[in-house]
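The shown structure was predicted, so the numbers you read here are calculated from the model rather than taken from an experiment. First the proteins, then the strands, lettered A, B, ... as listed; each starts at 1.
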Amino acid sequence: MLDARMIRSNLEKVEQAMKNRNMAGTLDNFVRLDEQRRSILSQVEERKSFRNSDSQEIGKLKKQGMEAEDLKQKVREAGQEIKQMEEKLKAVESELQQILYNIPNLPHESVPVGADESANQEIRRWGEPRSFDFEPQAHWDLGPQLDILDFERAAKLSGTRFVVYKGWGAKLERAVINFYLDIHTSKHGYQEVFPPFMVNRECMVGTGQLPKFAEDMFKIEGRDMYLVPTAEVPLTNLYREEILEGRDLPLYLTAYTACFRAEAGSHGRDTRGIIRQHQFNKVELVKIVPAESSYEELEKLTRDAEEVLQALELPYRVVLLSTGDMGFSSAKTYDLEVWMPSYQDYKEISSCSNCEDFQARRANIRYRPGPGEKLRFAHTLNGSGVAVGRTVAAIIENYQQADGSIVIPEVLRPYMGGLEVIEG
RNA sequence: GGAGAGGUGGCUGAGUUGGUCGAAGGCGCUCGAUUGGAAAUCGAGUAGGGGGUGAGUAACUCCCUCAAGGGUUCAAAUCCCUUCCUCUCCGCCA
């Protein structure tokens, strides 16, 4: 959420930013409601001020043993008026709130302006895509052949966009999770967290999934709760409605969770394999930092995510997303894209974003920079560190051999009981 | 699921015959005094949000907030209702 006062004094800038994000419409409604709100508010407050002083007057008269029926009557009438005005104010404020909740974050000045991913900028590449001396297979063919992925039985259990991992496949998934958590906690200084996979509405509003993207979420029937679409939600909301001490920042948090997404509107995209599932595993990185250092922290966070791909020796590239391709809450996003032989292309495996104070303002996460200083909204960052299912898919495809077996990346072998190759 | 207790400022803890209480005291913190420096001691200050005047992250002023929402009343931290949360006991359960 953007600061209403900031919008008020930067109308053109915000409207242009919305345009750059392919969001139609103007801020005319905002301006109208904002003015209305302030005008009603000062009127109400004026009445209240009179009511308060009259009411105190009654108290004084009573104390002296005098009656004050006239004054009481007057205040009673003022109360009625105030009540009516407050109802109107409430209506205006909630309308205003809805508008604010639906305005995306302002892109950082370093973000390329463009309508879609074609405007994204490649920042750097790491590793060489392997050239095969045989016809490489896709993970959705290799997995079932090796009996480590079972799509047919997953459909029986849950439908499309689900997968069952079996045997060494299940082990590999778990190995990747543990490997990621171990690196981020022991080497990069993140605190490991194991949060609930279900959260309340306030959390979803706090990080920006709601109200705008309700159709992408799985809601729990009969309760105001949602399955987490990413650990970013519980991790960032850990400090919702809290005031942190400046000296306690930055906070580095990491968590493994399953992630649940309805994938509304993505019919026909990535229908094969485990690239796009309703449930997938992810190790997430979240930072809560002072405003001054958030862009430095974004670079560091991105490197932290890259490092696990380097350790796995998976070729990837880093892409700076354009204004049209960025997520709603983000001011600047780097995607990490891993080489996928089945796509003959790089495929997103991580998304690292600086949300600045956009989420903190929604979730009311503040900090006191120093003793006696005014409270400020913290800056929040998040990044996949990285997607586990897509990692497994990338390993299967990039490490496949002509006979259909899969070599286990060296760093994962300790997590696999020393296994070097998964064979049929 | 049943029975009971409770939710007050950064923390702790008063305040429940409704009235000047945004809230005593303590701790913590900030500034000052003291000291060669520090501890101890003494003094002062110290909640958050929003609106208005204003060039102002200065100053002044008003409104709101004692878990959340509603109600009673001229007036509610104090009375009533609903919801949420915490704790204790019982039941159930991994």
Separation between the P atoms of B:U82 and B:A5, rounded to whole Å: 15 Å
Would you mind reading off the distance between A:Arg368 atom CZ and B:C11 atom P, rounded to a whole angstrom? 11 Å
Would you mind classifying the nucleic acid contact of A:Ile243 as base, sugar-phosphate or nothing, using non-hydrogen atoms under 4.0 angstrom? nothing
Over how many whole Å does the gap from A:Leu244 atom CG to B:C29 atom P extend? 19 Å
Donor-acceptor contact below 3.5 Å, side chain A:Thr333 vs main chain A:Met326: no
To the nearest Å, give me how far apart CD1 (A:Ile40) and P (B:G50) are. 19 Å
What's the gap between B:A24 and B:G15 when it is taken at their P atoms, as a whole Å value? 14 Å
Under 4.0 Å protein heavy-atom contact, by nucleotide of nucleotides 57-74 of chain B - B base, S sugar-phosphate only: -----BBS-----SS--B
How far, in whole Å, is B:A44 from B:C66 if one measures between their C1' atoms? 27 Å
B:U34 versus B:G43 - spacing of their P atoms, nearest Å: 16 Å
For the backbone of A:His139 and the side chain of A:Glu397, can you confirm whether one donor and one acceptor N or O come within less than 3.5 Å of each other? yes
Please give, in whole Å, the distance from B:G19 P to A:Leu61 CG? 17 Å
Would you kindly give the CG-to-P distance between A:Leu41 and B:U53, to the nearest whole Å? 12 Å
Using atom P of each nucleotide, how far apart are B:G25 and B:A38 to the nearest Å? 28 Å
Once you apply a heavy-atom cut-off of 4.0 Å, does A:Arg8 come out as touching a base, just sugar-phosphate, or nothing? sugar-phosphate
Rounded to whole Å, CG of A:Leu89 lies from P of B:G49 at a distance of 19 Å
Calculate the interatomic distance between A:Asp34 atom CG and B:G51 atom C1'; express it in whole Å. 12 Å
For a quick check of understanding: with a heavy-atom distance under 4.0 Å over all strands, which category does A:Arg5 fall into, base, sugar-phosphate or nothing? sugar-phosphate
Determine, using ring centers only, whether A:Phe162 and A:His278 are less than 6.0 Å apart. yes
side-chain contact (heavy atoms from CB on, under 4.5 Å) with A:Phe179: of A:Val283, A:Leu412, A:Thr391, only one passes, and it is A:Leu412
Let me know, please, whether A:Ser42 or A:Lys60 comes out on the 5' side of the other along RNA chain B by nearest nucleotide. A:Lys60
Evaluate the criterion side chain to side chain contact (heavy atoms under 4.5 Å, CB included) for residue pair A:Thr26 and A:Glu15; output intermediate values, then yes/no. CA-CA 6 Å; A:Thr26 65; A:Glu15 282 187 339; 3.4 Å; yes
Where the side chain of A:Asn22 meets the backbone of A:Ala115, is there a donor-acceptor pair that is under 3.5 Å apart? yes
Round to a whole Å and report the spacing from CG of A:Asn364 to P of B:A47. 18 Å
Take atom P in B:C21 and the same atom in B:G28, then report the distance between them in whole Å. 27 Å
Is there side-chain contact between A:Ile396 and A:Leu149, with heavy atoms separated by less than 4.5 Å? yes
